Structures are given as structure tokens and as C-alpha cells.
Asker: 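Following this message is one structure expressed as C-alpha cells.
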Amino acid sequence: MTSLVKAVDEKIAENSDLKAFVVQLTDTENEAETVTALRDLAAGQGIKDVPLTLMDTPAGPPSYKIAEDAEVTVLLWRFAELRSKHSFGPGELTEADIERVLADLPKILDE
């Protein structure tokens, strides 16, 4: 996931029309640990343009229909319309997958 966030952060630096944020789904028992991990990730990787946030609902918002077995889900929106969705199980996110996600970015830009 770190590679994906860093790649998106770099794309935002290149195109100010692009916006993104990361939501780490967690439970309240792990909230402090998750906050620390997100701060460390941002500082350690130099993430500047992608806010790293958390939601204390492990399943996420019901309307997002996040797969129960997903470790990483990427949703690309343009206004209120979902343009692209990618889900990856534990350990499944590869560099090739990151390239596929990045290739979908034009779907959310005025191009």
C-alpha cells in the first residue's frame, strides 16, 4: 500500500486537479496504534498531498461495498460518480496493480 500512496502523492504533485485521501479502516481498540502508523508512514515516505485518515468502522461505509476479504480497496470518484474500483486481498497488491490503478486516474480528471 505504501507504494500506491506514494505514487498517487507524486501524481497529485504533477496535477493539482487530482485529489486523494487514504482511509484506514480500524476498530476503536487499535485507533491509537493506527494513528501512529499513519503519521509514521507520512513522515517516513514524505507523503505531502494525500491526507492519511482513519475510520473506526472496520467494514467501512455500507454504500462503498468493500469486500470483506480486501486488504486494500481503491475507489476513484468524479463528483458523486464512482468511476473505478479495485480491491486486493492480503498481500495481493503488486507493482503491476499499482500501474493499473494509476492508469485509471484519467477517468476522474477533465480530459
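Since the model is a prediction, treat every value here as computed from it, not as a measurement.
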Asker: Check Pro51 against Ala20 and note the closest heavy-atom contact, atom names and distance.
Answerer: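 Nearest pair, atom of Pro51 first, then Ala20: CD-O, 3.1 Å.
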
Asker: Please list all pairs passing the ring-ring contact (aromatic ring centres under 6.0 Å, His included) test where one or both residues lie in residues 28-57, with sequence neighbours left out.
Answerer: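 ring-ring contact (aromatic ring centres under 6.0 Å, His included) check on residues 28-57 returns no pairs.
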
Asker: Pairs under 3.5 angstrom only: tabulate donor-acceptor contacts from the side chains of residues 31-48 to other protein residues two or more places apart or in another chain.
Answerer:
from	atom 1	to	atom 2	distance (Å)
Thr34	OG1	Thr26	OG1	3.3
Thr34	OG1	Asn30	O	2.9
Thr36	OG1	Ala32	O	3.1

Asker: Membership question, hydrophobic clusters at under 4.5 Å side-chain separation (ILVMFWY): are Leu54 and Val23 in the same one?
Answerer: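 Per the 4.5 Å side-chain linkage, Val23 and Leu54 are not co-clustered.
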
Asker: Could you list the donor-acceptor pairs under 3.5 angstrom formed by side chains in residues 90-103, with sequence neighbours left out?
Answerer:
from	atom 1	to	atom 2	distance (Å)
Glu92	OE1	Gly89	N	2.7
Thr94	OG1	Ala96	N	3.4
Thr94	OG1	Asp97	N	3.1
Thr94	OG1	Asp97	OD2	3.0
Glu95	OE2	Ser3	OG	3.4
Asp97	OD1	Arg100	NH2	3.0
Asp97	OD2	Thr94	N	3.0

Asker: Under the rule for salt bridge (Lys or Arg N to Asp or Glu O under 4.0 Å), what residues qualify as partners of Glu29, not counting sequence neighbours?
Answerer: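 By the salt bridge (Lys or Arg N to Asp or Glu O under 4.0 Å) rule, Glu29 matches no residue at all.
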
Asker: So Lys85 and Thr73, do their side chains get closer than 4.5 Å, heavy atoms only?
Answerer: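 Counting from C-beta outward, Thr73 and Lys85 do come under 4.5 Å.
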
Asker: When rounded to the nearest 0.5 angstrom, what is the spacing between CG in Asp49 and NZ in Lys11?
Answerer: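 Between Asp49 CG and Lys11 NZ, I get 14.0 Å after rounding to 0.5 Å.
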
Asker: Any side-chain hydrogen bond (donor to acceptor under 3.5 Å, both in side chains) involving residues 57-69? Give me the pairs, sequence neighbours left out, ordered by first then second residue.
Answerer: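 Of all non-adjacent pairs touching residues 57-69, none passes side-chain hydrogen bond (donor to acceptor under 3.5 Å, both in side chains).
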
Asker: Spell out, yes or no, whether Leu52 and Ile12 are grouped together once hydrophobic residues are joined by side-chain heavy atoms under 4.5 Å, including indirect joins.
Answerer: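 Result: yes, single cluster for both.
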
Asker: Hydrophobic clusters here meaning ILVMFWY residues chained together by side-chain heavy-atom distances under 4.5 Å, can you tell me if Leu4 and Phe21 are in one?
Answerer: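 Leu4 and Phe21: separate clusters.
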
Asker: Look at the side chain of Asp56 and the backbone N and O of Thr28, then say whether any donor-acceptor pair between them is shorter than 3.5 Å.
Answerer: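 Flag not set: sc Asp56 to bb Thr28 has no pair under 3.5 Å.
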
Asker: Checking Asp104 now: which residues fulfil side chain to side chain donor-acceptor pair (under 3.5 Å) with it, not counting sequence neighbours?
Answerer: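 Per chain and number, Asp104 pairs via side chain to side chain donor-acceptor pair (under 3.5 Å) with Ser84, His86, Lys107.
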
Asker: Please say yes or no: joined through hydrophobic side-chain contacts below 4.5 Å, possibly via intermediate residues, are Val72 and Trp77 part of one cluster?
Answerer: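 Val72 does not cluster with Trp77.
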
Asker: Should Met1 and Leu75 be counted in the same cluster of Ile, Leu, Val, Met, Phe, Trp and Tyr side chains packed under 4.5 Å apart?
Answerer: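 Each belongs to a different hydrophobic cluster.
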
Asker: For a quick test of reading the model, state the closest non-hydrogen atom pair linking Met55 to Gly60 and the distance between them.
Answerer: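 Minimum heavy-atom separation between Met55 and Gly60: SD-CA, 4.1 Å.
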
Asker: Nearest 0.5 Å, what's the CG-CG distance between Leu76 and Leu105?
Answerer: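 Taking CG in Leu76 and CG in Leu105, the distance rounds to 6.0 Å.
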
Asker: Tell me the closest heavy-atom pair linking Val50 and Asp9, and the distance in Å.
Answerer: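 Nearest pair, atom of Val50 first, then Asp9: N-OD1, 3.1 Å.
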
Asker: At their closest point, which heavy atom of Leu25 faces which heavy atom of Ala59, and how far apart are they?
Answerer: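 Smallest interatomic distance, heavy atoms only, reads CD1-C, 4.0 Å.
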
